[in-house]
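A short write-up of the structure that comes next.
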Amino acid sequence: SAKDMKHRLGFLLQKSDSCDYSSSQGKKEKISSSQRISQEEVRKWADSLENLIHHDRGLAAFRAFLKSEYSEENIEFWVSCEDYKKTKSPAKLSPKARKIYDEFISVQATKEVNLDSCTREKTSHNMLEPTLSCFDEAQRKIFTLMEKDSYRRFLKSPYYLDLVSPPGAGCGPENCKRSHTHTLDCNSNIISQCA
């Protein structure tokens, strides 16, 4: 239910306070200086899935929503592919590609994504000689799947609606309530990346 999802996100957000950051002081300052997401920025997330997932906090909100639906493997696969495409060392391509394939595409994958047999077969063939583009088609298919399905549900969910609520429901001390309905508005640590 929506109330359960809000409660879970509230719990996750509280838990984010205890995350370990590698460069503790520098990152903490960076996070606290950008605590608030502008309403304009949040509204842009409704324009396209691309706007949403290319914004750190948008990606984190979408990921939290997908976790609530037990379907986070799609966004994890997409993020893994983006990371894979940044691989500089040719020696690292094959082991990284194998890890992504085993985790998301193979028949025994622990987080198997929903691909048609043709795309799965082509990606499997690409594993013989992995290149930076060997997951492109599979990544495109998963992006389209998310765009047509879970992204639309996300825009109607409390994960998004609570962030895009009217400015009058802001976080000033006079109108900040600790109720579940305002958890996202009032929690200044909303969706800080802890992964």
Side-chain angles (χ1 to χ4, degrees), residues 5 8-9 12 15-16 19-23 27 30-31 34 37 41-42 44-157 159-160 163 191-195:
M5 284 192 281
R8 270 184 261 161
L9 184 58
L12 289 171
K15 197 173 178 184
S16 71
C19 291
D20 286 332
Y21 296 106
S22 49
S23 62
K27 280 200 175 181
K30 187 178 177 186
I31 288 170
S34 61
I37 310 169
E41 193 64 46
V42 174
K44 283 182 191 172
W45 298 350
D47 293 342
S48 71
L49 176 57
E50 216 164 286
N51 284 355
L52 174 69
I53 61 182
H54 283 97
H55 187 282
D56 285 348
R57 291 181 171 195
L59 175 62
F62 189 52
R63 185 177 275 172
F65 168 73
L66 291 176
K67 278 186 178 180
S68 77
E69 291 197 332
Y70 304 101
S71 63
E72 69 266 28
E73 68 280 350
N74 290 331
I75 195 65
E76 287 180 21
F77 172 68
W78 186 88
V79 168
S80 294
C81 290
E82 287 296 291
D83 180 56
Y84 175 77
K85 288 190 271 191
K86 295 173 188 163
T87 305
K88 301 260 190 280
S89 164
K92 290 183 179 178
L93 280 182
S94 190
K96 270 185 150 184
R98 177 54 53 192
K99 184 175 189 265
I100 292 171
Y101 181 83
D102 290 344
E103 191 172 358
F104 298 103
I105 296 172
S106 84
V107 183
Q108 291 91 23
T110 53
K111 300 175 182 177
E112 187 179 354
V113 292
N114 188 7
L115 291 171
D116 59 89
S117 58
C118 187
T119 306
R120 192 178 300 277
E121 197 173 306
K122 185 176 179 185
T123 307
S124 185
H125 180 73
N126 290 344
M127 290 296 96
L128 299 174
E129 288 184 48
T131 63
L132 288 176
S133 61
C134 67
F135 294 109
D136 284 1
E137 189 176 336
Q139 186 184 19
R140 249 190 320 275
K141 297 265 178 161
I142 293 303
F143 181 89
T144 303
L145 183 73
M146 290 189 296
E147 190 174 42
K148 290 181 176 176
D149 187 31
S150 46
Y151 171 62
R152 291 179 182 175
R153 287 195 308 279
F154 169 77
L155 294 177
K156 295 174 185 171
S157 77
Y159 290 86
Y160 179 71
L163 288 170
I191 316 166
S192 50
Q193 288 273 63
C194 298

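Heads up: numbering here begins at 1 and tracks the sequence. The model shown is predicted, which means the values in this text are computed figures rather than measured ones.
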Closest heavy-atom pair and its distance - [X], [Y]:
X: D102; Y: S106; answer: O-OG, 3.6 Å
X: H55; Y: W45; answer: ND1-CZ2, 3.4 Å
X: C134; Y: A97; answer: SG-CB, 4.4 Å
X: L93; Y: P130; answer: CD1-O, 4.0 Å
X: N114; Y: N74; answer: N-OD1, 4.5 Å

Validation row: N126, Y101 side chains within 4.5 angstrom (heavy atoms): no

Using a 4.5 Å cut-off on heavy atoms from C-beta on, say whether the side chain of Q139 contacts that of K85. yes

Report the C-alpha separation of I142 and L115 in whole Å, then their side-chain angles, then the decisive distance to 0.1 Å, and conclude whether the side-chain contact (heavy atoms from CB on, under 4.5 Å) test is met. CA-CA 7 Å; I142 293 303; L115 291 171; 3.9 Å; yes

Ignoring hydrogens and geometry, is there a side-chain-to-backbone donor-acceptor pair from Y160 to Y151 under 3.5 Å? no

Would you find a donor on one side and an acceptor on the other, under 3.5 Å apart, between the side chain of R120 and the backbone of I105? yes

Please test R63 against V79 for side-chain contact (heavy atoms from CB on, under 4.5 Å), starting from the C-alpha separation and ending with a verdict. CA-CA 10 Å; R63 185 177 275 172; V79 168; 3.5 Å; yes

To the nearest 0.5 angstrom, please state how far the [atom1] atom of [X] sits from the [atom2] atom of [Y].
X: I100; Y: F135; atom1: CD1; atom2: CZ; value: 4.5 Å
X: I75; Y: E82; atom1: CD1; atom2: CD; value: 9.0 Å
X: F104; Y: T110; atom1: CZ; atom2: OG1; value: 7.0 Å
X: Y159; Y: L163; atom1: OH; atom2: CG; value: 11.5 Å
X: D136; Y: T119; atom1: CG; atom2: OG1; value: 12.0 Å
X: M146; Y: F77; atom1: CE; atom2: CZ; value: 9.5 Å

Got a sec: does the NZ of K122 have more than 12 other heavy atoms crowding it under 6.0 Å? no

Is the CD atom of E121 crowded by more than 12 outside heavy atoms at less than 6.0 Å? no

R98 vs M127, test: side-chain contact (heavy atoms from CB on, under 4.5 Å). Steps then yes/no. CA-CA 7 Å; R98 177 54 53 192; M127 290 296 96; 3.7 Å; yes

Ionic contact status for K111 with E103, cut-off 4.0 Å: yes

Short N-O contact, D149 and R153, less than 4.0 angstrom: yes

Taking the six-membered ring for Trp, are F154 and F65 parallel (under 30°), tilted (30 to 60°) or perpendicular (over 60°)? perpendicular

What do the steps show when you test K96 against D83 for side-chain contact (heavy atoms from CB on, under 4.5 Å), and what is the final call? CA-CA 10 Å; K96 270 185 150 184; D83 180 56; 3.7 Å; yes

